[in-house]
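Below: one structure, written as structure tokens.
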Amino acid sequence: MQAEQPAASMPDIWTTKNIALSAIIIVSFVLAFYARGLPVDQVGLIGLLPIFALAILTVVGLDIVLSVIIAILVSVIMTSTGVLELGAILAKSTGSFIATVGLIIMLGAGVGEVAYRTGAARELVKFIVNRVGLSSQSRVKFGIIISSIVICGSLGTMAGGNAIIVAVVIPIAAAVGLTPPTVALLLMISGSIGLFIGPFTPSTVTILELGGLSYPQFLLTSALPMSVVTLGAGWIMSCYIQKWTAGKYSYNENFLTQKESEDPETLKRGKRAAFVFLGTIIAMAIVGISLKAGFSFAIIVMLTVALLTGLVAGLSPKQILEALYDGCGKLVWMFILYWLYNPILELVEKLNAYQTLLDSATPYLTGLTPAMLCFGIFLFNIVGHIPGAAVAQMTFTNKIFGPILAAHGVPPAGITAVLLASSQVDWFGPFPSSDMFGQMGLARSSQLKYMLYGGWAIVAANVCLFAVLFHILT
């Protein structure tokens, strides 16, 4: 007689996290039905419930796309929106600004795949690292930083950009004794700076559209100061983390024995592709600035870079498209996220929630200087951030606080600084973020505490920076 097999263990759905998520969802729907029965002028700040529910659900740990869907359902209930009307809003959302940014992010992943398949990304990293030199830990760290800034700033994605360079930089980092926690922090710092200053990254595209500055103005007033402070604080912390972790954590020696293909023709095509890849981005950036092109110009840039890089490397048009398909497919969820986020903003606007918040907050803000107001909004956003959705947070901040800032006479440079600081300083803390875990994974590090130590120092340095910068810009 055959022995009885033990029953397969069932997943425990009654975890603390799931109980908390269920409670938040239930409370959100109860409040939504309560608000549905109220006249619009009596809904008040409850009208912001969909956005707050989204933020809380993502902080607790629910998938961000699922959180957005729940927020849409809550806003639909509160506004008594019918199925046909919701369909019309979703259709209209495909052409919205925030959905276009989602498309740009997705195309950036596609371009990254083209750069990877042609060898362009790898050759760029090798060129930078070899130029910097490999004679010391400091030189290798500097090479990692420059490589990451260039690749992430060009592709508009930190995860995708750093995923491309780690195959080159990790063996080199291992050879000079850099530890995984140190490399993880360096990838986080430099990838973020690439997104701060890249001309066609999603965050830059969004800030320029919402803030109204030109790209050079944005760099001079906000992006470059923030990048310098982030790099300075991060570099100092990387030195400390290297001291704390040396001898405790190291890379597997197998990394040191890995050899890349030395096929001369393959290397030649990769070098040509790298030259065209970087040259096209620079040329298109100059054209975009001279023509004062809008955010949608980034789409043309992405497609042009992918086409020229692929053709120079010997790929057929079909192969270029296949690379784009594969790369874009990895971030389809991001496009869906932004496409679904726009209806939430529109439905919340129907509840007059933004105006209610403005009216409620105005009496408490009358005594604040423009600089103090900017700083207060910045601190609010550090704590009340939306994980993994910097563009969505910029849009949220502009919707709610834009009128308040304008009413206090804050100029475009000041508003732009608020949007930048409010949406991107919180990448480094005070709480762990998906960006941290992503860079730790790429660097083969499992030590979150060191990433947090570095992040907290960078947050503190940027708080000091913007406390001064807001006084200068306002």
Side-chain angles (χ1 to χ4, degrees), residues 99-128 147-170 187 191 194-195 198-202 205 258 260-285 287-288 296-339 438 441-442:
T100 303
V101 173
L103 175 62
I104 292 170
I105 295 173
M106 193 168 64
L107 284 175
V111 175
E113 186 65 23
V114 173
Y116 173 76
R117 294 190 185 187
T118 59
R122 189 177 184 86
E123 288 301 320
L124 277 173
V125 174
K126 285 168 56 181
F127 175 79
I128 294 169
S147 301
S148 179
I149 290 175
V150 171
I151 297 298
C152 294
S154 299
L155 300 182
T157 165
M158 178 160 59
N162 282 338
I164 291 171
I165 76 168
V166 289
V168 176
V169 302
I170 284 182
L187 291 176
L195 297 187
F200 301 110
T201 65
V205 167
Q258 291 178 348
E260 63 172 302
S261 171
E262 296 295 335
D263 175 49
E265 185 58 32
T266 299
L267 294 176
K268 186 183 294 185
R269 285 199 301 266
K271 289 177 181 178
R272 285 201 308 264
F275 178 79
V276 172
F277 175 83
L278 191 58
T280 303
I281 289 177
I282 294 173
M284 295 295 282
V287 170
S296 57
F297 183 67
I299 298 174
I300 304 298
V301 175
M302 298 288 183
L303 296 176
T304 303
V305 169
L307 176 63
L308 295 181
T309 302
L311 290 176
V312 166
L315 298 184
S316 67
K318 182 180 179 182
Q319 290 174 317
I320 296 171
L321 286 174
E322 288 174 348
L324 279 173
Y325 298 155
D326 290 345
C328 290
K330 297 172 185 177
L331 286 185
V332 167
W333 69 271
M334 186 70 77
F335 173 74
I336 293 174
L337 168 67
Y338 289 136
W339 168 58
L442 292 174

Please report the closest heavy-atom contact between [X] and [Y], naming both atoms and the distance.
X      : Y      : answer
Met284 : Ile300 : CE-CG2, 4.0 Å
Ala120 : Thr309 : CB-CG2, 4.1 Å
Gly191 : Ser148 : N-OG, 3.2 Å
Phe200 : Met302 : O-CE, 4.0 Å
Val332 : Met106 : CA-SD, 3.8 Å
Phe277 : Ala115 : CE1-CB, 4.0 Å

TODO: Compare all side-chain heavy atoms of Glu113 with those of Leu324 and state whether any distance is below 4.5 angstrom.
DONE: no
Task: Side chain proximity check, Glu322 to Leu315, heavy atoms < 4.5 angstrom - done: no
TODO: Show your reasoning for whether side chain to side chain contact (heavy atoms under 4.5 Å, CB included) applies to Arg272 and Phe275.
DONE: CA-CA 5 Å; Arg272 285 201 308 264; Phe275 178 79; 5.8 Å; no
TODO: Apply the test side chain to side chain contact (heavy atoms under 4.5 Å, CB included) to residues Glu123 and Thr118: give CA-CA distance (whole Å), side-chain angles for both, the deciding distance (0.1 Å), then the verdict.
DONE: CA-CA 10 Å; Glu123 288 301 320; Thr118 59; over 6 Å; no
Open item on the list: Testing Thr280, Val114, Leu278 one by one against Val305 for a side chain to side chain contact (heavy atoms under 4.5 Å, CB included), which residue passes?
Closed with: Thr280
Open item on the list: Which residue in the set Leu107, Val111, Leu308 passes side chain to side chain contact (heavy atoms under 4.5 Å, CB included) when paired with Leu303?
Closed with: Leu107
Open item on the list: To the nearest 0.5 Å, what is the distance between CG on Leu321 and CG on Asp326?
Closed with: 11.0 Å
TODO: Starting at OH of Tyr116, measure out to CD1 of Ile151 and round the result to the nearest 0.5 Å.
DONE: 13.5 Å
